[in-house]
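This chain uses plain numbering: 1 for the first residue, then up along the sequence. Both backbone and side-chain heavy atoms feed into the values below; hydrogens, waters and symmetry mates do not.
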Amino acid sequence: MRQVLISGAGIAGTTLAYWLRRHGFAPTVVERAPAPRVGGHAVDIRGTALGVVERMGVLERLRELRTDMRGMSFVNGAGKTLAKVTEHTLTGGLTDSDDVEILRDDLTEVLASVAQEGVEYVYGDWITGIAQHADGVRVTFAHGEARDFALVVGADGQHSAVRSLVFGAEKEFSHHLDTYLAVFTVPNFLDLDRWQTFHLTPGKLAGIYSARGNTEARAMLGFQSPELDFDRHDLEQQRKLIADRFHGQGWEVPRLVREMASSELYFDSMTQIRMDRFTEGRVALVGDAGYGPSPLSGQGTSLALVGAYVLAGSLATAHDHRTAFATYEREMRPFVLRNQALAALNQRKQTRFAQWKQIQSMRMLSRLPFSSRVMKAAMRPLTEASNALALKDY
């Protein structure tokens, strides 16, 4: 069972390829994008996941590339500062923690840098068919010739094609959390110095934070909404949808919308993937494809890193894939459920915050208890969940 096909060259797929190769497997990674993806939001590596990247030998490099945020501020529609916070940030949590907040594309680049030797990468193609048989899996592709593998792993994200082909339609596992988020790169036109600035109105959030040594910035436009029907591959349709939602908003929102027109765009729903199993026959799911907790949890990246490590280790120590997959399920499920629960907790906090009558003036921000002690107590569920699995030596 040494030939393993991985669908998706993101965080989960690249990490899995690294560890499989370390354990003597021959991984092939197929990625729909024509090249490594760029853009995206800042992500967090916490708790047990820090141990994974440390064992990969890249922790110090990731620390060098971290966003290193000093704090955040909230402004009104005229740009007047209503409150400043230095104890934590909206995207990365406590500013004095050991967690690593890093841009997604920086993380994937570092992971890929150590997952090249012995790994085959196929860009610009994707899986169209999976036929399992007693000795392996016959896989067909949109462009390449059909090939046989011992195992197939879906590491292809929230909208996993592997999951749809093997486990069922996305709607069976997708749970919308009533929020959408757009992230894109913009110039650091506010001259932010490792800082985040946000403007809140009922049901909407606009923000910008500096990145890469303040040489650029990432913009965020989020809004609450029931599930929407749009083409995930039609960026122009998505840009229009977002622009319409934020029409007439104050602060720097008009400029952010203009910048969005010429920038790469990440736009998707805050959605959680809940499944009663992560494996089926010779096929497994890892990361967002099998148990995406949604960005509301703050743990999607950490689950992907840990899941890839555990899956590869389980395969390396088992005599057959059935035993390995059973071990993977047993090890990961409690960790997944505990971290997915964070999204519901944060969603309740978000809903209560959005419903406060004072939100339009935001005067209450100056009275909120942002002390280090209070924030550490508030972050305790995240800290405990992110450390709820101990890494084994495989």
Side-chain angles (χ1 to χ4, degrees), residues 40-44 66-97 99-103 179 181-224 242 245-246 248-260 263 295-296 298 346 349-379 382:
H41 48 78
V43 298
D44 301 288
R66 67 196 305 174
T67 60
D68 196 26
M69 289 288 132
R70 297 184 301 112
M72 63 178 175
S73 55
F74 295 89
V75 298
N76 63 15
K80 178 183 177 182
T81 299
L82 300 167
K84 286 186 176 182
V85 183
T86 57
E87 285 77 19
H88 76 115
T89 64
L90 198 63
T91 65
L94 296 171
T95 53
D96 65 349
S97 75
D99 302 343
V100 175
E101 183 185 47
I102 184 171
L103 296 181
T179 304
L181 178 67
V183 180
F184 47 97
T185 302
V186 299
N188 186 10
F189 60 87
L190 293 180
D191 293 324
L192 299 175
D193 179 14
R194 294 175 294 146
W195 196 263
Q196 306 181 350
T197 302
F198 297 100
H199 174 53
L200 294 171
T201 54
K204 295 184 178 70
L205 173 148
I208 181 171
Y209 54 89
S210 60
R212 292 177 173 157
N214 304 325
T215 60
E216 64 179 57
R218 296 290 162 95
M220 300 169 57
L221 294 174
F223 58 89
Q224 294 178 325
I242 298 162
R245 286 277 175 167
F246 283 86
Q249 294 286 295
W251 186 53
E252 297 287 352
V253 172
R255 173 158 186 178
L256 295 180
V257 170
R258 291 196 303 272
E259 295 285 356
M260 178 179 63
S263 179
L296 279 173
N346 291 335
K349 292 179 181 177
Q350 179 191 70
T351 300
R352 289 197 300 269
F353 187 75
Q355 288 175 343
W356 285 347
K357 292 182 179 179
Q358 306 101 312
I359 194 168
Q360 291 188 17
S361 68
M362 298 297 289
R363 292 191 185 95
M364 73 288 192
L365 280 170
S366 63
R367 301 195 299 271
L368 289 180
F370 286 129
S371 71
S372 179
R373 180 182 60 81
V374 170
M375 291 315 305
K376 285 182 179 179
M379 296 288 287
L382 174 60

CZ of Phe189 to CD of Glu259: how many Å apart, nearest 0.5 Å? 6.5 Å

Check: Arg70 side chain, Asp193 main-chain N or O, donor-acceptor pair, under 3.5 Å: yes

Which distance, rounded to the nearest 0.5 Å, do you find between the CD1 of Ile208 and the CG of Leu256? 5.5 Å

Atom CG of Asn214 and atom CG of Leu190: how far apart are they, to the nearest 0.5 Å? 12.0 Å

Within a strict 4.5 Å, meaning less than it, do heavy atoms of the Leu200 and Trp251 side chains meet? no

OG of Ser210 to CD of Glu216: how many Å apart, nearest 0.5 Å? 10.0 Å

Search all heavy atoms of Gly222 against all heavy atoms of Phe246 and return the closest pair with its distance. O-CZ, 3.3 Å

Under the side chain to side chain contact (heavy atoms under 4.5 Å, CB included) rule, collect the residues that match up with Arg245, sequence neighbours excluded. Phe223, Ser225, Leu228, Leu241

Is the closest side-chain heavy-atom distance between Thr185 and Arg212 below 4.5 Å? no

Would you call Gln224 and Thr179 a side-chain contact if the rule is heavy atoms closer than 4.5 Å? yes

Is there a donor-acceptor pair closer than 3.5 Å between any side-chain N or O of Tyr209 and the backbone N or O of Met69? no

So how far is it from Phe198 CZ to Thr89 OG1, rounded to the nearest 0.5 Å? 7.0 Å

Close side-chain approach of Ile102 to Val43, heavy-atom, < 4.5 Å: yes

Can you give me the closest heavy-atom contact between Val85 and Phe74, atom names plus distance? CG2-CE1, 4.5 Å

Residue pair Pro187 / Ala217: nearest heavy atoms and the distance that separates them: O-CB, 4.0 Å

Excluding sequence neighbours, so at least two apart, what forms side chain to side chain contact (heavy atoms under 4.5 Å, CB included) with Leu181? Val183, Met220, Met270

Using 0.5 Å steps for rounding, measure from the CH2 atom of Trp195 to the NZ atom of Lys84. 6.0 Å

Among Asp44, Thr95, Asp68, whose side-chain contact (heavy atoms from CB on, under 4.5 Å) with Glu101 holds? Asp44

